[in-house]
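To start, the structure itself, in C-alpha coordinates.
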Amino acid sequence: MNPVDIRASLDLTRRARRLRRSPGIRALVRETRLSPDMFVYPLFVCEGQGVRREVSSMPGVFQLSVDETVREVTATAADGVPAVLLFGLPAHKDDVGSGAYDADAPVQAAIRAIKREVPQMVVITDVCLCEYTSHGHCGVVVGEEIDNDASVELIVKAAVSHAAAGADIVAPSDMMDGRVGAIRGALDARGFQQVAIMSYAAKYCSAFYGPFRDAADSTPKFGDRRTHQMDPANVEEALRQVAQDIDEGADIVMVKPALPYLDVLRRVKDEFGYPTAAYQVSAEYSMIKAAAANGWIDEPRIMLEALTSIARAGADLIITYYARVAARAIA
Ligand code: PBG
(Lines give C-alpha, C1' and ligand atoms only; values in the text may rest on other atoms or scores of the structure.)
Protein backbone atom coordinates (compact mmCIF):
# COMPACT_ATOMS: atom_id res chain seq x y z
CA MET A 1 0.00 0.00 0.00
CA ASN A 2 1.28 3.46 -0.77
CA PRO A 3 0.71 6.47 1.57
CA VAL A 4 -2.21 7.73 -0.44
CA ASP A 5 -4.08 4.46 0.10
CA ILE A 6 -3.52 4.64 3.82
CA ARG A 7 -5.08 8.10 3.93
CA ALA A 8 -8.05 6.95 1.96
CA SER A 9 -8.63 4.03 4.28
CA LEU A 10 -8.57 6.01 7.56
CA ASP A 11 -11.88 6.24 9.41
CA LEU A 12 -11.90 9.75 10.86
CA THR A 13 -15.55 10.24 11.75
CA ARG A 14 -14.29 10.54 15.30
CA ARG A 15 -11.08 12.44 15.87
CA ALA A 16 -10.19 12.17 19.59
CA ARG A 17 -7.50 14.77 19.12
CA ARG A 18 -10.11 17.53 18.64
CA LEU A 19 -10.62 17.60 22.39
CA ARG A 20 -6.90 17.53 23.16
CA ARG A 21 -5.91 20.58 21.14
CA SER A 22 -5.58 23.26 23.77
CA PRO A 23 -5.30 23.61 27.53
CA GLY A 24 -8.76 25.18 27.61
CA ILE A 25 -10.46 22.36 25.72
CA ARG A 26 -8.62 19.74 27.77
CA ALA A 27 -9.79 21.46 30.96
CA LEU A 28 -13.42 21.43 29.78
CA VAL A 29 -13.51 17.68 29.30
CA ARG A 30 -11.28 16.68 32.21
CA GLU A 31 -12.93 13.91 34.22
CA THR A 32 -10.95 14.10 37.44
CA ARG A 33 -10.23 17.36 39.19
CA LEU A 34 -7.95 17.58 42.17
CA SER A 35 -8.95 20.11 44.75
CA PRO A 36 -7.22 21.19 47.97
CA ASP A 37 -10.56 20.35 49.65
CA MET A 38 -9.82 16.66 49.34
CA PHE A 39 -6.42 16.73 51.02
CA VAL A 40 -5.54 15.68 54.55
CA TYR A 41 -2.10 16.69 55.82
CA PRO A 42 -0.34 14.32 58.27
CA LEU A 43 1.69 15.90 61.10
CA PHE A 44 4.04 14.36 63.68
CA VAL A 45 3.72 16.06 67.05
CA CYS A 46 6.55 15.75 69.59
CA GLU A 47 7.44 17.08 73.04
CA GLY A 48 9.23 20.37 73.64
CA GLN A 49 9.09 23.95 72.40
CA GLY A 50 10.28 25.38 69.13
CA VAL A 51 11.14 21.89 67.81
CA ARG A 52 11.13 21.46 64.03
CA ARG A 53 13.19 18.36 63.22
CA GLU A 54 13.27 17.11 59.62
CA VAL A 55 12.76 13.36 59.09
CA SER A 56 15.84 12.21 57.17
CA SER A 57 13.98 9.72 54.96
CA MET A 58 11.14 12.19 54.26
CA PRO A 59 12.52 15.55 53.10
CA GLY A 60 10.02 18.31 53.80
CA VAL A 61 8.37 16.36 56.65
CA PHE A 62 9.11 17.43 60.23
CA GLN A 63 8.59 16.33 63.79
CA LEU A 64 6.99 19.39 65.37
CA SER A 65 6.41 20.48 68.95
CA VAL A 66 2.91 21.71 69.79
CA ASP A 67 3.72 25.39 69.16
CA GLU A 68 5.32 24.57 65.79
CA THR A 69 2.37 22.30 64.98
CA VAL A 70 0.02 25.26 65.43
CA ARG A 71 2.19 27.37 63.09
CA GLU A 72 2.16 24.60 60.50
CA VAL A 73 -1.62 24.21 60.81
CA THR A 74 -2.09 27.95 60.32
CA ALA A 75 -0.07 27.74 57.10
CA THR A 76 -1.98 24.62 56.07
CA ALA A 77 -5.28 26.49 56.41
CA ALA A 78 -3.84 29.38 54.37
CA ASP A 79 -3.01 26.89 51.59
CA GLY A 80 -6.67 25.83 51.51
CA VAL A 81 -6.21 22.37 53.03
CA PRO A 82 -9.17 21.62 55.35
CA ALA A 83 -7.83 18.79 57.52
CA VAL A 84 -4.80 17.47 59.37
CA LEU A 85 -4.06 13.95 60.65
CA LEU A 86 -2.07 13.93 63.89
CA PHE A 87 0.49 11.35 65.00
CA GLY A 88 2.22 11.51 68.35
CA LEU A 89 5.81 11.04 69.52
CA PRO A 90 5.77 10.56 73.28
CA ALA A 91 8.76 11.32 75.48
CA HIS A 92 8.43 7.92 77.18
CA LYS A 93 7.29 4.57 75.85
CA ASP A 94 6.12 1.59 77.87
CA ASP A 95 4.67 -1.83 77.16
CA VAL A 96 1.04 -0.65 77.36
CA GLY A 97 1.52 2.55 75.35
CA SER A 98 0.22 4.82 78.11
CA GLY A 99 1.26 7.93 76.13
CA ALA A 100 -1.55 7.14 73.71
CA TYR A 101 -4.26 7.96 76.25
CA ASP A 102 -2.50 10.60 78.37
CA ALA A 103 -4.53 13.82 78.35
CA ASP A 104 -1.32 15.88 78.49
CA ALA A 105 0.60 14.06 75.75
CA PRO A 106 1.65 15.96 72.58
CA VAL A 107 -1.32 14.90 70.40
CA GLN A 108 -3.94 15.80 73.00
CA ALA A 109 -2.21 19.14 73.68
CA ALA A 110 -1.97 19.82 69.95
CA ILE A 111 -5.68 19.10 69.42
CA ARG A 112 -6.60 21.66 72.09
CA ALA A 113 -4.14 24.24 70.73
CA ILE A 114 -5.32 23.82 67.12
CA LYS A 115 -8.97 24.06 68.12
CA ARG A 116 -8.15 27.26 70.02
CA GLU A 117 -6.01 28.93 67.32
CA VAL A 118 -7.35 27.52 64.02
CA PRO A 119 -10.87 26.35 64.93
CA GLN A 120 -11.98 25.73 61.34
CA MET A 121 -9.27 23.11 60.82
CA VAL A 122 -10.68 19.58 60.82
CA VAL A 123 -8.60 17.62 63.31
CA ILE A 124 -8.27 13.91 62.64
CA THR A 125 -6.17 11.74 64.94
CA ASP A 126 -4.42 8.48 64.20
CA VAL A 127 -5.41 6.01 66.90
CA CYS A 128 -2.84 3.27 67.47
CA LEU A 129 -0.38 2.13 70.11
CA CYS A 130 2.71 1.50 67.96
CA GLU A 131 4.22 4.95 68.45
CA TYR A 132 3.72 4.59 72.21
CA THR A 133 4.79 1.04 73.03
CA SER A 134 8.37 0.19 73.94
CA HIS A 135 8.17 -2.88 71.67
CA GLY A 136 6.71 -0.90 68.75
CA HIS A 137 3.67 -3.13 68.28
CA CYS A 138 0.13 -1.85 67.74
CA GLY A 139 -1.26 -3.55 70.83
CA VAL A 140 -0.58 -5.41 74.05
CA VAL A 141 2.00 -8.16 73.58
CA VAL A 142 1.52 -11.43 75.44
CA GLY A 143 4.42 -13.78 74.80
CA GLU A 144 5.14 -13.17 71.13
CA GLU A 145 1.53 -12.42 70.20
CA ILE A 146 -0.63 -9.32 70.17
CA ASP A 147 -3.67 -9.83 72.41
CA ASN A 148 -6.56 -8.48 70.36
CA ASP A 149 -9.14 -7.80 73.04
CA ALA A 150 -6.74 -6.29 75.57
CA SER A 151 -5.39 -4.05 72.80
CA VAL A 152 -8.87 -2.87 71.83
CA GLU A 153 -9.48 -1.71 75.42
CA LEU A 154 -6.44 0.57 75.24
CA ILE A 155 -7.17 1.75 71.69
CA VAL A 156 -10.65 2.77 72.85
CA LYS A 157 -9.05 4.78 75.67
CA ALA A 158 -6.84 6.58 73.15
CA ALA A 159 -9.78 7.40 70.89
CA VAL A 160 -11.83 8.72 73.82
CA SER A 161 -8.95 10.90 75.02
CA HIS A 162 -8.62 12.42 71.53
CA ALA A 163 -12.35 13.11 71.42
CA ALA A 164 -12.22 14.66 74.90
CA ALA A 165 -9.42 16.96 73.70
CA GLY A 166 -11.61 18.09 70.80
CA ALA A 167 -10.79 15.87 67.81
CA ASP A 168 -13.40 15.94 65.02
CA ILE A 169 -12.57 12.50 63.63
CA VAL A 170 -10.67 9.56 65.13
CA ALA A 171 -8.87 7.21 62.78
CA PRO A 172 -8.00 3.78 64.20
CA SER A 173 -5.04 2.32 62.29
CA ASP A 174 -4.27 -0.66 64.53
CA MET A 175 -6.26 -3.33 62.61
CA MET A 176 -7.44 -5.13 65.76
CA ASP A 177 -10.78 -6.92 65.33
CA GLY A 178 -13.84 -5.16 66.71
CA ARG A 179 -12.18 -1.84 67.39
CA VAL A 180 -14.49 0.32 65.31
CA GLY A 181 -17.62 -0.86 67.13
CA ALA A 182 -15.90 -0.60 70.50
CA ILE A 183 -14.77 2.96 69.78
CA ARG A 184 -18.24 3.94 68.54
CA GLY A 185 -19.87 2.56 71.67
CA ALA A 186 -17.41 4.27 74.00
CA LEU A 187 -17.67 7.62 72.23
CA ASP A 188 -21.47 7.52 72.30
CA ALA A 189 -21.54 6.53 75.97
CA ARG A 190 -19.46 9.59 76.84
CA GLY A 191 -21.43 12.13 74.84
CA PHE A 192 -19.15 12.20 71.78
CA GLN A 193 -21.86 11.09 69.33
CA GLN A 194 -20.76 13.77 66.87
CA VAL A 195 -17.16 12.58 66.65
CA ALA A 196 -16.73 10.61 63.41
CA ILE A 197 -14.67 7.49 62.78
CA MET A 198 -12.41 7.12 59.76
CA SER A 199 -11.30 3.50 59.84
CA TYR A 200 -8.08 2.32 58.29
CA ALA A 201 -10.22 -0.52 56.94
CA ALA A 202 -8.17 -2.03 54.12
CA LYS A 203 -4.74 -1.48 55.60
CA TYR A 204 -2.13 -3.73 54.05
CA CYS A 205 1.03 -5.10 55.62
CA SER A 206 3.25 -2.95 53.45
CA ALA A 207 6.93 -2.17 53.06
CA PHE A 208 5.75 1.25 51.89
CA TYR A 209 5.46 2.31 55.55
CA GLY A 210 9.24 2.16 56.05
CA PRO A 211 10.05 5.89 56.15
CA PHE A 212 7.03 6.58 58.41
CA ARG A 213 8.55 4.35 61.04
CA ASP A 214 11.58 6.69 61.08
CA ALA A 215 9.25 9.66 61.38
CA ALA A 216 7.16 8.11 64.15
CA ASP A 217 9.88 5.93 65.68
CA SER A 218 7.52 2.94 65.58
CA THR A 219 9.48 0.05 64.05
CA PRO A 220 8.57 -3.17 65.89
CA LYS A 221 11.49 -4.41 68.01
CA PHE A 222 10.72 -8.01 67.00
CA GLY A 223 8.46 -9.62 64.42
CA ASP A 224 6.26 -7.67 62.03
CA ARG A 225 2.62 -6.68 61.51
CA ARG A 226 1.51 -9.63 59.39
CA THR A 227 -0.80 -11.06 62.06
CA HIS A 228 -3.09 -8.01 61.91
CA GLN A 229 -2.44 -6.00 58.73
CA MET A 230 -3.72 -7.42 55.44
CA ASP A 231 -1.86 -9.62 52.97
CA PRO A 232 -1.04 -7.49 49.88
CA ALA A 233 -2.31 -10.32 47.67
CA ASN A 234 -5.93 -10.04 48.86
CA VAL A 235 -8.80 -7.91 47.62
CA GLU A 236 -11.96 -9.91 48.47
CA GLU A 237 -10.78 -9.81 52.05
CA ALA A 238 -10.51 -6.02 51.82
CA LEU A 239 -14.17 -5.84 50.81
CA ARG A 240 -15.16 -8.00 53.80
CA GLN A 241 -13.07 -5.85 56.11
CA VAL A 242 -14.63 -2.64 54.80
CA ALA A 243 -18.15 -4.12 55.09
CA GLN A 244 -17.47 -5.05 58.68
CA ASP A 245 -16.08 -1.64 59.60
CA ILE A 246 -19.14 0.03 58.05
CA ASP A 247 -21.40 -2.32 60.04
CA GLU A 248 -19.53 -1.38 63.20
CA GLY A 249 -20.06 2.31 62.55
CA ALA A 250 -17.22 3.65 60.41
CA ASP A 251 -18.17 6.95 58.75
CA ILE A 252 -15.23 7.03 56.32
CA VAL A 253 -13.29 3.98 55.14
CA MET A 254 -9.68 4.01 54.04
CA VAL A 255 -7.47 2.07 51.65
CA LYS A 256 -3.78 2.21 52.45
CA PRO A 257 -1.26 2.43 50.74
CA ALA A 258 -2.75 4.23 47.73
CA LEU A 259 -0.92 3.99 44.40
CA PRO A 260 -0.01 0.27 44.57
CA TYR A 261 -3.62 -0.51 45.60
CA LEU A 262 -5.72 1.49 43.13
CA ASP A 263 -7.68 -1.63 42.16
CA VAL A 264 -8.70 -2.08 45.80
CA LEU A 265 -9.71 1.57 46.01
CA ARG A 266 -11.89 1.30 42.91
CA ARG A 267 -13.63 -1.81 44.18
CA VAL A 268 -14.25 -0.36 47.64
CA LYS A 269 -15.71 2.82 46.15
CA ASP A 270 -17.90 0.92 43.66
CA GLU A 271 -19.11 -1.67 46.14
CA PHE A 272 -20.04 0.61 49.05
CA GLY A 273 -20.34 4.16 47.69
CA TYR A 274 -19.05 5.33 51.04
CA PRO A 275 -16.81 8.32 51.73
CA THR A 276 -13.49 6.71 50.84
CA ALA A 277 -10.04 7.87 51.84
CA ALA A 278 -6.73 6.81 50.34
CA TYR A 279 -3.43 7.24 52.14
CA GLN A 280 -0.46 8.07 49.92
CA VAL A 281 1.99 6.65 52.45
CA SER A 282 5.52 7.53 53.38
CA ALA A 283 7.44 5.48 50.79
CA GLU A 284 5.13 6.65 48.01
CA TYR A 285 6.32 10.14 48.97
CA SER A 286 9.96 9.30 49.70
CA MET A 287 10.46 7.40 46.45
CA ILE A 288 9.37 10.47 44.48
CA LYS A 289 11.59 12.69 46.64
CA ALA A 290 14.63 10.44 46.21
CA ALA A 291 14.27 10.15 42.44
CA ALA A 292 13.72 13.90 42.18
CA ALA A 293 16.84 14.57 44.27
CA ASN A 294 18.77 12.53 41.70
CA GLY A 295 17.34 14.59 38.86
CA TRP A 296 15.65 11.52 37.39
CA ILE A 297 12.05 12.72 37.39
CA ASP A 298 9.97 15.87 37.22
CA GLU A 299 8.70 16.01 40.82
CA PRO A 300 5.77 18.45 40.41
CA ARG A 301 4.36 16.47 37.49
CA ILE A 302 4.84 13.09 39.14
CA MET A 303 3.22 14.40 42.31
CA LEU A 304 0.11 15.60 40.50
CA GLU A 305 -0.09 12.52 38.29
CA ALA A 306 0.03 10.20 41.31
CA LEU A 307 -2.58 12.24 43.20
CA THR A 308 -4.82 12.45 40.12
CA SER A 309 -4.63 8.68 39.67
CA ILE A 310 -5.63 8.14 43.30
CA ALA A 311 -8.64 10.46 42.85
CA ARG A 312 -9.54 8.81 39.51
CA ALA A 313 -9.55 5.39 41.19
CA GLY A 314 -12.26 6.57 43.58
CA ALA A 315 -10.74 8.43 46.53
CA ASP A 316 -12.84 11.24 47.96
CA LEU A 317 -10.15 12.18 50.48
CA ILE A 318 -6.40 11.83 49.96
CA ILE A 319 -4.05 11.78 52.91
CA THR A 320 -0.72 13.01 51.59
CA TYR A 321 2.56 14.51 52.77
CA TYR A 322 2.28 16.63 49.61
CA ALA A 323 -1.00 18.23 50.78
CA ARG A 324 0.34 21.77 51.16
CA VAL A 325 2.62 21.66 48.11
CA ALA A 326 -0.08 20.11 45.92
CA ALA A 327 -2.71 22.57 47.15
CA ARG A 328 -0.47 25.45 46.11
CA ALA A 329 0.34 23.79 42.80
CA ILE A 330 -3.32 23.50 41.79
CA ALA A 331 -4.53 26.79 43.32
C1 PBG B 1 0.19 3.07 62.55
C2 PBG B 1 0.34 3.76 61.24
C3 PBG B 1 1.32 3.54 60.29
C4 PBG B 1 1.08 4.43 59.25
C5 PBG B 1 -0.02 5.20 59.60
N6 PBG B 1 -0.47 4.75 60.84
C7 PBG B 1 2.48 2.63 60.30
C8 PBG B 1 2.33 1.18 60.39
O9 PBG B 1 1.25 0.61 60.31
O10 PBG B 1 3.37 0.56 60.59
C11 PBG B 1 1.90 4.54 57.99
C12 PBG B 1 1.85 5.84 57.29
C13 PBG B 1 2.92 6.05 56.29
O14 PBG B 1 3.72 5.16 55.94
O15 PBG B 1 2.98 7.18 55.79
N16 PBG B 1 -0.02 3.95 63.61
Side-chain angles (χ1 to χ4, degrees), residues 39-46 55-63 84-90 93 97 99-101 105-107 124-133 135-141 146 151-152 154-155 158-159 162 167 169-176 179 183 197-232 241 252-261 277-290 306-307 310 315 317-323:
F39 296 147
V40 177
Y41 189 40
L43 293 172
F44 298 96
V45 190
C46 64
V55 178
S56 60
S57 55
M58 300 179 73
V61 173
F62 299 83
Q63 298 178 343
V84 291
L85 172 62
L86 304 182
F87 293 93
L89 293 128
K93 303 192 186 219
Y101 35 90
V107 163
I124 310 175
T125 57
D126 182 90
V127 177
C128 195
L129 298 183
C130 65
E131 298 118 72
Y132 303 93
T133 49
H135 43 68
H137 281 292
C138 306
V140 177
V141 175
I146 301 172
S151 303
V152 170
L154 301 182
I155 283 153
H162 296 170
I169 303 176
V170 293
S173 65
D174 52 284
M175 294 296 278
M176 295 299 124
R179 89 269 206 225
I183 290 172
I197 299 176
M198 174 167 78
S199 79
Y200 287 68
K203 177 173 179 180
Y204 286 88
C205 186
S206 174
F208 284 88
Y209 309 148
F212 170 94
R213 294 180 187 167
D214 286 346
D217 185 22
S218 65
T219 308
K221 298 282 179 292
F222 62 89
D224 53 40
R225 307 215 199 286
R226 281 176 227 262
T227 66
H228 47 107
Q229 298 180 346
M230 282 188 44
D231 185 331
Q241 182 81 56
I252 302 172
V253 292
M254 191 199 299
V255 173
K256 175 187 176 195
L259 206 61
Y261 295 84
Y279 197 144
Q280 183 189 46
V281 299
S282 53
E284 295 182 66
Y285 173 83
S286 297
M287 292 194 310
I288 298 175
K289 283 284 174 192
L307 293 171
I310 294 165
L317 297 71
I318 304 177
I319 302 157
T320 171
Y321 301 100
Y322 275 122

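Order of listing sets the numbers, starting from 1, for every ligand and every atom in it.
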Using only atom types and a distance under 3.5 Å, with no angle test, would you say the side chain of [X] pairs donor to acceptor with the backbone of [Y]?
X	Y	value
Q63	A215	yes
T320	Q280	no
S282	F208	yes
S151	V140	yes
Y204	V255	no
R179	P172	yes
E284	A258	yes

Per-atom contacts, ligand 1 versus [X] - under 4.0 Å to a heavy atom:
X	value
K256	2 (C), 3 (C), 4 (C), 5 (C), 6 (N), 11 (C), 12 (C)
E131	16 (N)
F87	5 (C), 6 (N)
Y321	12 (C), 13 (C), 15 (O)
C128	16 (N)
S282	13 (C), 14 (O), 15 (O)
S173	1 (C), 2 (C), 6 (N), 16 (N)
Y279	12 (C), 15 (O)

Does ligand 1 have a heavy atom under 4.0 Å from the side chain of [X], from its backbone, from both, or from neither?
X	answer
Y285	neither
D126	side chain
C130	side chain

Checklist outcome for this item: In this structure, atom 10 (O) of ligand 1 is nearest to the protein heavy atom R213 NH2, 2.6 Å
Checklist entry - Tell me, which protein residue and heavy-atom name are nearest atom 12 (C) of ligand 1, and how many Å apart are they? => result F212 CD1, 3.3 Å
Next on the checklist: By the definition side-chain contact (heavy atoms from CB on, under 4.5 Å), identify the one residue from I319, L307, L317 that meets it with F39.
Outcome noted: L307
Next on the checklist: Tell me whether K203 reaches ligand 1 (any heavy atom closer than 4.0 angstrom to a ligand atom).
Outcome noted: yes
Checklist entry - Of all the heavy atoms in Q229, does at least one lie under 4.0 Å from an atom in ligand 1? => result yes
Next on the checklist: Does the structure place the NZ or CZ of K203 under 6.0 Å from the centre of the six-membered ring of Y209, at an angle of no more than 45° from the ring's axis?
Outcome noted: yes
Checklist entry - Aromatic rings Y279 and F87: how do their planes relate, parallel, tilted or perpendicular, breaks at 30° and 60°? => result tilted
